[in-house]
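Reading through the structure tokens given below for one structure.
In what follows, every chain begins at residue 1, and chains take the letters A, B, ... in the order their sequences are listed.
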Number of protein chains: 2
Amino acid sequence: MSARLSSKEDYESLLDKYDTWMFDCDGVLWNGDRLVDGAVKVLEILRSHKKSVLFVTNNATKSRQSYKKKFDKLGVEAHVDEIFGSAYASAVYISSVMKLPKDKKVYVVGMEGLEQELTAEGISYVGGTDPADYTLEPFSLSNFTPDPAVDVVLCGLDTAINYTKLSKAFQYLQKPQVTFLVTNDDSTYPSEGGLLPGAGAISAPLKTASGREPLSIGKPAKTMLDCIKAKHNFDPERTLMVGDRLNTDILFGQAGGVSTLLVLTGITHVEDITGPNASTIVPDYVTSSIGDLRVLA
Amino acid sequence: MSARLSSKEDYESLLDKYDTWMFDCDGVLWNGDRLVDGAVKVLEILRSHKKSVLFVTNNATKSRQSYKKKFDKLGVEAHVDEIFGSAYASAVYISSVMKLPKDKKVYVVGMEGLEQELTAEGISYVGGTDPADYTLEPFSLSNFTPDPAVDVVLCGLDTAINYTKLSKAFQYLQKPQVTFLVTNDDSTYPSEGGLLPGAGAISAPLKTASGREPLSIGKPAKTMLDCIKAKHNFDPERTLMVGDRLNTDILFGQAGGVSTLLVLTGITHVEDITGPNASTIVPDYVTSSIGDLRVLA
């Protein structure tokens, strides 16, 4: 059962116990472009106590650099080397784990941020924001010559998704030697006015058409944690993952052997963690909002 | 085990046994715009023997009228009242089975043929080919006012699929009272140069984002057969369903209590029905091509 935090003593005890604080962003620090009340203050408090602060997001539409701009715009202190996104983790996986040969390419279903991270890792790609694929015109195989260098299909959230992109990606996926990766498998994501289809929804047509299950890189997968470990030393026993999603953030923390704090400012509501239909994924701690920790000031 | 047909006697016996011949089209009579060799001749032979010929297709991008034009173009005799498509069956389901009140609407993810069948059944709809939804621009909930009259989301193959359509449909699907229908669940469909993502792939993001399972109208569902029964008298014992797909055509025939003939000119190959990985869906008869029946001339 989760400990429900509410008193100043509860939060002081948390501050004592954990040196590394990993934060999901959407639904924890902000929703869309609206900051969660008190979030900035709480991050300042943590930094003033010399805590290590990391941002771990499944958002694959932005590179770390462009995600940093979002922090800047909202007035949240963050440094590029503190930011871990599933676009970055996907690029690192392809270059460091798969060790994709330099003459091979990735077919991208995704946005500019994903392309930027691939480029930063020296990975060649086709598709993505290619203007030729930015079309709603009918797609015909007779006008398509697959690139024989494509060895990976990588799919992330793509708000310019269309039938041409899906059809091209599906042609590659029919070759068993082509690896199928998705940046993350979130079925939805929280925008300011409500939920919108997430990366897991965008890759769903490719799974259905090909009958293949992709490897997912983002939370809750271990690949994301491996990425963080390669850059930061942290003691799992003194690390806390803060998130709003049970099946990504909390599962991710548990799989990585770190403690977990669920906040209720995003996807998960009280009824998801209590009563007869409560999830089987149980965080160590629950608090209404990250802003609750303001009492530590 | 299926009877493998090859001799003139085999086909003569088939001709004797069945009065009503139901044909899938794509992969049976044609692939894309290329006729299967001998298909026209065989249909002529069946008609000359006073057989009842019906065309049962999951293609939901065309109305019966526009599908008839495809027959005309390819030089295949067909009459509108012989054609049963999943667009038509979906419209009939909404009007006759659901009995959707006249002041309610359908949000359509799909193409002109689907809209035409809805209109023919007197059903109001939004979405579909609405130019406002023909866009690759980013979608924002702040610019979207859901139509409170929408009580059904109907999704079929839509080669102009995009994030705006998916996002709007998903908003409706978050209301439990909105019915979720798909014209058919084919993961792919055969085009001239190979497979392309089918209606089941197009609806996959909606299933994933909403976590809901739609009711599928086309083959193998019984709804399609109910549609045919409403228009044609046939004796299931003397009816043969001819198709290229085990999990749609053959399953459809079996569920309807009619006999089934698999042809190998489309999706299914010999290795899918023989050997250790053979499908558990076993047709009554197998022949290489519908053209094999030319020997009956």
Side-chain angles (χ1 to χ4, degrees), chain A residues 31-33 61 111 129 131 133-146 155 157-171 173-175 182 185-212 247, chain B residues 31-33 61 111 129 131 133-146 155 157-171 173-175 182 185-212 247:
Chain A
N31 277 293
D33 285 326
T61 65
M111 302 178 78
T129 60
D133 289 358
Y134 190 86
T135 177
L136 287 172
E137 289 299 305
F139 174 79
S140 168
L141 284 171
S142 57
N143 300 325
F144 175 54
T145 308
C155 179
L157 180 61
D158 186 344
T159 59
I161 189 67
N162 59 62
Y163 197 72
T164 291
K165 291 185 184 192
L166 293 173
S167 297
K168 289 186 177 180
F170 173 47
Q171 300 313 305
L173 289 173
Q174 287 176 74
K175 302 178 186 174
V182 296
D185 226 0
D186 299 46
S187 57
T188 59
Y189 76 92
S191 80
E192 204 165 332
L195 295 178
L196 289 175
I202 298 304
S203 62
L206 301 180
K207 297 178 203 173
T208 300
S210 71
R212 294 179 60 175
N247 64 354
Chain B
N31 277 293
D33 284 328
T61 65
M111 303 178 77
T129 60
D133 289 358
Y134 190 85
T135 178
L136 287 171
E137 289 299 305
F139 174 80
S140 168
L141 284 171
S142 58
N143 301 325
F144 175 54
T145 309
C155 179
L157 180 61
D158 186 343
T159 60
I161 189 68
N162 60 62
Y163 198 72
T164 291
K165 291 186 183 189
L166 293 173
S167 297
K168 288 185 178 180
F170 173 47
Q171 300 313 306
L173 289 173
Q174 287 175 74
K175 301 177 186 173
V182 295
D185 228 358
D186 298 46
S187 56
T188 60
Y189 77 92
S191 80
E192 204 166 332
L195 296 178
L196 289 174
I202 298 304
S203 62
L206 302 179
K207 297 178 200 170
T208 300
S210 70
R212 294 179 60 174
N247 65 353

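Residues A:Arg212 and A:Leu173 approach most closely at NH1-O, 3.0 Å, considering heavy atoms. Annotation for A:Ser203 and A:Asp185: closest pair OG-OD1, 4.2 Å, computed over non-hydrogen atoms. The two residues A:Pro146 and A:Lys175 have their closest heavy-atom pair at CB-NZ, 4.2 Å. Nearest heavy-atom pair, B:Leu136 versus A:Tyr134, reported as atom, atom and distance to 0.1 Å: O-OH, 3.3 Å. Between A:Gly198 and A:Tyr189 the shortest heavy-atom distance is CA-CD2, 4.1 Å. Between B:Met111 and B:Thr159, the shortest heavy-atom contact is CE-OG1, 3.1 Å.
Counting heavy atoms from C-beta on, the side chains of A:Lys168 and A:Phe139 come closer than 4.5 Å.
Here A:Pro205 is the residue among A:Ser191, A:Gly193, A:Ala204, A:Pro205 with the most heavy-atom pairs under 4.5 Å with chain B. The greatest number of non-hydrogen atom pairs below 4.5 Å with chain B, out of A:Ala209, A:Gly200, A:Pro197, is found for A:Pro197. Note on B:Gly211, B:Ser210, B:Ser187: by heavy-atom pairs under 4.5 Å with chain A, the leading option is B:Ser187. No other option in A:Leu166, A:Leu206, A:Asn162, A:Leu196 has as many heavy-atom pairs under 4.5 Å with chain B as A:Leu196.
For a residue to count as touching a neighbouring chain, one of its non-hydrogen atoms must lie under 4.5 Å from one of that chain's; by this rule B:Leu157 touches chain A with the side chain only. For A:Phe144, no part lies under 4.5 angstrom from a heavy atom of chain B. With a 4.5 angstrom heavy-atom cutoff, B:Leu141 touches chain A only via side-chain atoms. Heavy-atom distances place both the backbone and the side chain of B:Ser167 under 4.5 Å from chain A. Of the atoms belonging to A:Phe170, it is side-chain heavy atoms, and not backbone ones, that fall under 4.5 Å from chain B. A:Ser142 does not touch chain B: none of its heavy atoms, backbone or side chain, sits under 4.5 Å away. The part of A:Gln171 that comes within reach of chain B is its side chain, from C-beta onward, which places non-hydrogen atoms under 4.5 angstrom from that chain. Only the backbone of B:Asp158 comes within contact range of chain A, with at least one heavy atom under 4.5 Å from a heavy atom of that chain. Looking at B:Gln174, the atoms closer than 4.5 Å to chain A (heavy atoms on both sides) all sit in the side chain, from C-beta outward.
A:Thr135 meets the side-chain hydrogen bond (donor to acceptor under 3.5 Å, both in side chains) test with no other residue; sequence neighbours excluded. Remark: B:Thr188 pairs with B:Arg245 by the side-chain hydrogen bond (donor to acceptor under 3.5 Å, both in side chains) rule, at least two apart or across chains.
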